[in-house]
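Working notes for the structure below.
Quick note: residue numbers are just sequence positions, from 1. Because the structure is predicted, anything quoted here is derived from the model rather than measured.
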Amino acid sequence: MYKIAILGDLHDWHTKRIQVCLSKQKCEVFVLNFKELSLCLFDNEITIRNNKKLLNIDGVWVRFIENGSLEEVTSKLTILHLLEESGVYVHNSPSIIEKTVDKVRATGILEINKILSPKTFISFKKNKEIQIPNFKNYLLKPIFGSQGKNIKLVKNSDELENYDHDVMYLQEFLGDLNQNKFSDYRILVSNHKIVSAMERSSENYITNAYQGAECKKLKISHALKSLSEKISKVFKLGYAGIDIKKYKNSLYTLEINGIPSWKNMQNIEKNNITKILVDDFLEKVVIMKNEFRT
């Protein structure tokens, strides 16, 4: 049917499940690592080479991009941009990855589109006249990060004096630190529709499943459905994980993960999530190929 590359810096359960579902759809599947690739730009074509073999790909599913030098990260994204411009459907597209992986940009897009998110403050370290907003409690987050790693709770702005990163990203903490449990929602969207949703709860203020949070299936309210679909359309998502928190009867968007995991969600979801995602992906591959022909 189609030649599909699952591309990333590492491959796990998700790659295996995607590969199985694509193979059942009679696709030829290549599991590739960025470090194995060469990009060939000649004969008026853009192709990728792996193990001295040229691969003409119809679609690319991006699974993971690790931290690296500026040259490494931009070159990986450039490969995706060039493949997309040559008529290959990339899932998620490099422009979506760029918008969602950067917390500053993602939060800014939410604000511009009047989508409620925690109050956020960003400043450069070299700014000696920083006036930090008076939030009750702060969450200090890495601009590029996932799975709840390296997030620090700050109760007093004086604790930030020895902050050793070049850019400070602070968000107001939503909630009461004295509560017994903390919770938020992870919504998985594809093709601007909700595929599944779960509530994550923990005794820790970090409620990521990879940090040990308990997960249970979440009933979708009209407000949650409307918000998730709006975010998906604003960011032009192929698929993504959207983190939302209910606080004082309002829904706040915390983060958008453009390369989401769904293993924990599948444990509490009866529908085959991977099959739904793969069906939506192949639909977009067909659309891209038809548009490029015309």
task = Please step through side-chain contact (heavy atoms from CB on, under 4.5 Å) for the pair Trp262 and His14, ending with a clear verdict.
result = CA-CA 8 Å; Trp262 61 90; His14 298 85; 3.6 Å; yes
Shared hydrophobic cluster, Val60 / Leu41 (ILVMFWY, side-chain heavy atoms < 4.5 Å) = yes
query = Do Glu203 side-chain atoms and Phe182 backbone N/O form a donor-acceptor pair below 3.5 Å?
reply = no
ask   = Is Asn191 reaching over with its side chain to a backbone N or O of Asp280, donor-acceptor style, under 3.5 angstrom?
value = no
inquiry  = Please check: side-chain N/O of Thr74 versus main-chain N/O of Glu71, any donor-acceptor pairing under 3.5 Å?
reply    = yes
task = Would you please test His192 and Lys233 for side-chain contact (heavy atoms from CB on, under 4.5 Å) and show each step?
result = CA-CA 6 Å; His192 305 321; Lys233 291 173 182 176; 3.8 Å; yes
request  = Report whether Leu254 and Ile259 are members of the same hydrophobic cluster (ILVMFWY, side-chain heavy atoms less than 4.5 Å apart, transitive linking).
outcome  = no
inquiry  = Taking Ile287 as the starting point, is it possible to reach Leu22 by hopping between hydrophobic residues whose side chains are less than 4.5 Å apart?
reply    = no
ask   = Checking side-chain contact (heavy atoms from CB on, under 4.5 Å) for the pair Leu170/Ile122: CA distance, chi angles, key distance, verdict?
value = CA-CA 6 Å; Leu170 278 175; Ile122 300 107; over 6 Å; no
query = Side chains of Thr15 and Trp61: is there a donor and an acceptor less than 3.5 Å apart?
reply = no
query = Which value, rounded to the nearest 0.5 Å, describes the distance between Asp184 atom CG and Tyr247 atom OH?
reply = 14.5 Å
task = Could you tell me whether the side chains of His81 and Glu98 share a donor-acceptor contact shorter than 3.5 Å?
result = yes
ask   = Is there a chain of hydrophobic side chains (I, L, V, M, F, W, Y, each step under 4.5 Å between heavy atoms) that links Leu39 to Leu32?
value = yes
inquiry  = Is it the case that over 12 heavy atoms from other parts of the model lie below 6.0 angstrom from the NZ atom of Lys246?
reply    = no
inquiry  = Quick check against the 3.5 Å criterion: does Ser86 have a side-chain atom that pairs as donor or acceptor with the backbone of Leu83?
reply    = yes
request  = Without swapping roles, check the side chain of Asp58 against the backbone of Ile4 for a donor-acceptor pair under 3.5 Å.
outcome  = no
Any donor-acceptor pair under 3.5 Å from Asn271 side chain to Ile273 backbone = no
note = Hits for salt bridge (charged side-chain N to carboxylate O under 4.0 Å, His left out) against Lys181, two or more places apart or cross-chain, chain-then-number order -> Glu214
message = Can a donor-acceptor pair be found, under 3.5 Å and without considering hydrogens, that links the side chain of Asn272 to the backbone of Lys275?
response = yes
query = Do other residues, nucleotides or ligands put more than 12 heavy atoms under 6.0 Å from the NZ atom of Lys236?
reply = no
query = Only one of Arg63, Lys76, Lys35 forms a salt bridge (charged side-chain N to carboxylate O under 4.0 Å, His left out) with Asp9, so which one is it?
reply = Lys76
inquiry  = Between Trp13 and Ser261, is the side-chain hydrogen bond (donor to acceptor under 3.5 Å, both in side chains) condition met? List the steps.
reply    = CA-CA 9 Å; Trp13 176 92; Ser261 300; over 6 Å; no
Donor-acceptor contact below 3.5 Å, side chain Asn50 vs main chain Leu37 = no
ask   = Rest of the hydrophobic cluster containing Ile220 (Ile/Leu/Val/Met/Phe/Trp/Tyr, side-chain heavy atoms under 4.5 Å)?
value = Ile96, Ile109, Leu110, Ile115, Tyr185, Ile187, Val189, Ile194, Leu218, Leu224, Leu227, Ile231, Val234, Phe235, Leu237, Ile242, Ile244, Leu251, Ile256
request  = Answer yes or no: is there a donor N or O on one side and an acceptor on the other, between the side chain of Glu229 and the main chain of Ser226, under 3.5 Å?
outcome  = no
message = Quiz question: by atom type and distance under 3.5 Å, do the side chains of Lys141 and Gln171 form a donor-acceptor pair?
response = yes
message = If only side-chain N and O atoms count, and only distance matters, is there a donor-acceptor pair under 3.5 Å linking Asp279 with Gln25?
response = yes
request  = Check the pair Ile97 / Leu77 against side-chain contact (heavy atoms from CB on, under 4.5 Å), numbers first and verdict last.
outcome  = CA-CA 9 Å; Ile97 293 171; Leu77 291 170; 4.2 Å; yes
task = Decide if the gap between the ring center of Tyr89 and the ring center of Phe281 is smaller than 6.0 angstrom.
result = yes
request  = Specify whether His91 and Tyr239 have parallel, tilted or perpendicular ring planes, treating 30° as the upper limit for parallel and 60° as the lower limit for perpendicular.
outcome  = parallel
inquiry  = With a 4.5 Å cut-off on side-chain heavy atoms, are Glu84 and Pro94 touching?
reply    = yes
query = Okay, side chain of Ser201, backbone of Glu199: is any donor-acceptor separation there less than 3.5 Å?
reply = no
ask   = In terms of hydrophobic clusters joined by side-chain contacts under 4.5 Å, are Val20 and Ile6 together?
value = no
